[in-house]
Asker: 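One structure follows; several queries about it will come next.
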Amino acid sequence: MTVLKKQVRIALRNCGVIDPEQIEDAIACDAYFALGKCLTTYSPDEVISEIKTSGLRGRGGGGFPTGLKWEITKNVESDQKYVVCNADEGDPGAFMDRSILEGDPHSVLEAMAICGYCIGANTGLIYIRAEYPLAIQRLKIAIKQAEEYGLLGDDILGSGFDFKIEMRYGAGAFVCGEETALIHSMEGLRGEPTVKPPFPSVSGYLGKPTNVNNVETFANIPVIINKGAKWFSRIGTEKSKGTKVFALAGKINNVGLIEVPMGTTLREVVYEIGGGIVNGKKFKSVQTGGPSGGCLTKDFLDTPIDYDNLVAAGSMMGSGGMIVMDEDDCMVSIAKFYLEFTLEESCGKCNPCRIGNKRLHEILTKITEGNGTVEDIERLKELSDVIKDTSLCGLGQSSPNPVLSTIANFEDEYMAHVKEGKCPAGQCKSLLRYDIVEDLCTGCTLCFRNCPVGAITGERRLPHFIDQSLCIKCGVCFEKCKFDAITLT
Amino acid sequence: MTKIKSFDELRKIKAKIIKTSGEANSPNSLIKIKVGMATCGIASGAGEIMQVLVEECERQAIDVTIKQTGCLGYCYAEPMVEVQIPGAEPVVFGYVDKNRALEIIGKFILQRKPIEGVIPVSFKTINELN
């Protein structure tokens, strides 16, 4: 069978290839060769210039040019600097970083050492959530083995460069993926963000210049050094180079981890790599960027995926969660789901995020319960704009995105909820109504016997009735009826 | 373990590792079996599959190397087992339960007959790109 190879594995190059607990396996696949090359043949400035030329941008969500970040941190004078790996992966349904750390921890360790060499840091810290026990275990083994081989520690490969890596554990708070909150958490303080500037590259961990990069960003570095910036920059689009790892989830046949060149279209991802929608249902939307992103409609299926196109389409790259939705998903409920997540995860420090998101959630709840008005939709938009403009950190500044993008792309669904009191996808229970069609009901009593709340009445062999004031819309009668006598509207 | 003192030494160690483990496609090397043991694989029962494979190869005295590896990305088809017969392209099997694990050894490895559950590899490696 010929399979079109739409995927290219750069960050995931060794995942599924090597035994992550055997450094020899990794060395056989060129692990630490890029570090060796940097230490023996390149100056820090040359490495930074190579990373800049490659066009690599941060894979954690923001898309900031990696080489530039390194350069800024390098140019700050300090007796002590730090390299931090942000492994606080928190988007619902995302597991890109976990897979890289579990499958190829050495690629990240090597890249951190390269970064340390460039910016002038001798200490690397990996901030990882404690709910990733296997990733933590494999990282610890990898660090130990690299130290035994002298690939981390003092005088690496006889170059005089020292670099050690330590682990820091987070409790799994979404806001700690934001770099200032992450640094505070590592310092033992509350995981709350602070205003930037100062940026961590100037004043970060313990007040020292700190370079924070995401796991996937680091995993790309050794390949750029080994293969060259030109090789890397040939992959991707004009402004987004290389590949992106996505965690493909939701109503899709081939749920899994994929890595595609930037510029691949959503259609290729959903239908060719993802194998299409489960049960042949109709595609409705793709959510990218997690709680900070948005929902894209079928109109965007042929849009090449890169940082800028996704922002222009009202969503964002984010860290790489990609959730596919079909015709049975209610977009108002989806927006509500993400808001619930944000409410849980908001640190509460600034008012717009703490209170604003709460109000957004209340309005969405009102709409899904059938009590919304057209004015509520306007109120949602207005409040969303205020939250975006006035929140302290990225969490609040992006939290209304799922609401705004669903209103922009699925306004008819919001209108059906508030004007007609209907949920087109049939998900909002309060808006459902089950009725028995008298002519079709044979009076078999099956629904009567199965109704959990006794909302159905009627004599044997005579038509039955549903008392709407008692009905909890569980749908049991609808499923049990053998004569299609129950309608759902 | 002695520390590696130079980049040259690292190159030599790599060459030595590849020599001892056998070139991937050399007809003289051992059959290699890999089991996807990331969180996704383990949650789907890869640990048990690994055990079945090890025990069955021991019982039938088949000379193979079996090792764990990370995630290949086909989460929908976990647990995954990759078999590389020397001189041939590696084959990836998905949805591996105990029966299919035994079939992989009994039919695919010993009799070299095709079996069901092959997952087509849908990605290019960095070495396939110029």
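If you're wondering where the values come from, they're calculated on a predicted model, not measured in any experiment. All chains are named by letter (A, B, ...) in the order of the sequence lines, taking the proteins before the strands, and each is independently numbered beginning at 1.
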Asker: Let me know if B:Lys34 has heavy atoms under 4.5 Å from chain A in its side chain, its backbone, both or neither.
Answerer: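 Side chain only.
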Asker: Considering residues, nucleotides and ligands other than B:Gln60, do more than 12 of their heavy atoms fall under 6.0 Å from its CD?
Answerer: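 Check passes, neighbour count above 12.
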Asker: Would you mind telling me which of A:Asp104, A:Ile10, A:Val17, A:Val223 has the largest number of heavy-atom pairs within less than 4.5 Å of chain B?
Answerer: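 When all of A:Asp104, A:Ile10, A:Val17, A:Val223 are compared, A:Val17 has the most.
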Asker: I'd like to verify something: which residue of A:Thr40, A:Ile27, A:Asn254 has the highest number of heavy-atom pairs under 4.5 Å with chain B?
Answerer: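 Option with the top pair count is A:Asn254.
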Asker: If we only count heavy atoms from C-beta on, is the A:Ile277 to A:Ile252 side-chain gap below 4.5 Å?
Answerer: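 The answer is no, as the side chains (C-beta and beyond) never meet within the 4.5 Å cut-off.
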Asker: Does NZ or CZ of B:Arg11 come closer than 6.0 Å to the centre of the six-membered ring of B:Phe7, within 45° of the ring's axis?
Answerer: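 Pair B:Arg11/B:Phe7 counts as cation-pi.
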Asker: At a heavy-atom distance under 4.5 Å, which candidate from B:Gly73, B:Gly41, B:Gly36, B:Ala15 has the highest pair count against chain A?
Answerer: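 Top count of heavy-atom pairs under 4.5 Å with chain A: B:Gly73.
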Asker: Check each atom of A:Ile235 against the heavy atoms of chain B and say whether the ones under 4.5 Å are side chain, backbone, both or neither.
Answerer: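 Just its side chain gets close to chain B.
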Asker: Do the side chain of A:Gln145 and the main chain of A:Ile23 share a donor and acceptor less than 3.5 angstrom apart?
Answerer: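 Yes, because the side chain of A:Gln145 sits within donor-acceptor range (under 3.5 Å) of the backbone of A:Ile23.
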Asker: Which one, A:Ala31, A:Gly36, A:Ser159, leads in non-hydrogen pairs under 4.5 Å with chain B?
Answerer: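 Maximum pair count with chain B is reached by A:Gly36.
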Asker: Give, as side chain, backbone, both or neither, the part of A:Phe95 having an atom under 4.5 angstrom from any heavy atom of chain B.
Answerer: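 Looking at A:Phe95, just its side chain touches chain B.
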Asker: Please step through side-chain hydrogen bond (donor to acceptor under 3.5 Å, both in side chains) for the pair A:Thr265 and A:Glu268, ending with a clear verdict.
Answerer: CA-CA 5 Å; A:Thr265 64; A:Glu268 289 170 310; 3.3 Å; yes
Asker: Do you know which two heavy atoms are closest between A:Lys37 and A:Asn226, and how far apart they sit?
Answerer: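 Closest pair (atom of A:Lys37, atom of A:Asn226, distance): NZ-O, 3.5 Å.
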Asker: Does any heavy atom of chain A fall under 4.5 Å from the side chain of B:Met80, the backbone, both, or neither of them?
Answerer: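 When you check distances to chain A, no heavy atom of B:Met80 falls under 4.5 Å.
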Asker: Is A:Leu151 close to chain B through its backbone or its side chain, or both, or neither, when contacts mean heavy atoms under 4.5 Å?
Answerer: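 For A:Leu151, side-chain heavy atoms alone lie under 4.5 Å from chain B.
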Asker: Looking at A:Arg13, A:Glu147, A:Arg138, A:Gln22, which has the largest count of heavy-atom pairs under 4.5 Å with chain B?
Answerer: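 So the answer, after comparing A:Arg13, A:Glu147, A:Arg138, A:Gln22, is A:Arg138.
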Asker: Between the side chains of A:Arg129 and A:Asp88, is the shortest nitrogen-to-carboxylate-oxygen separation below 4.0 Å, so that they form an ion pair?
Answerer: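 Counted as a salt bridge, because a side-chain N and a carboxylate O are separated by less than 4.0 Å.
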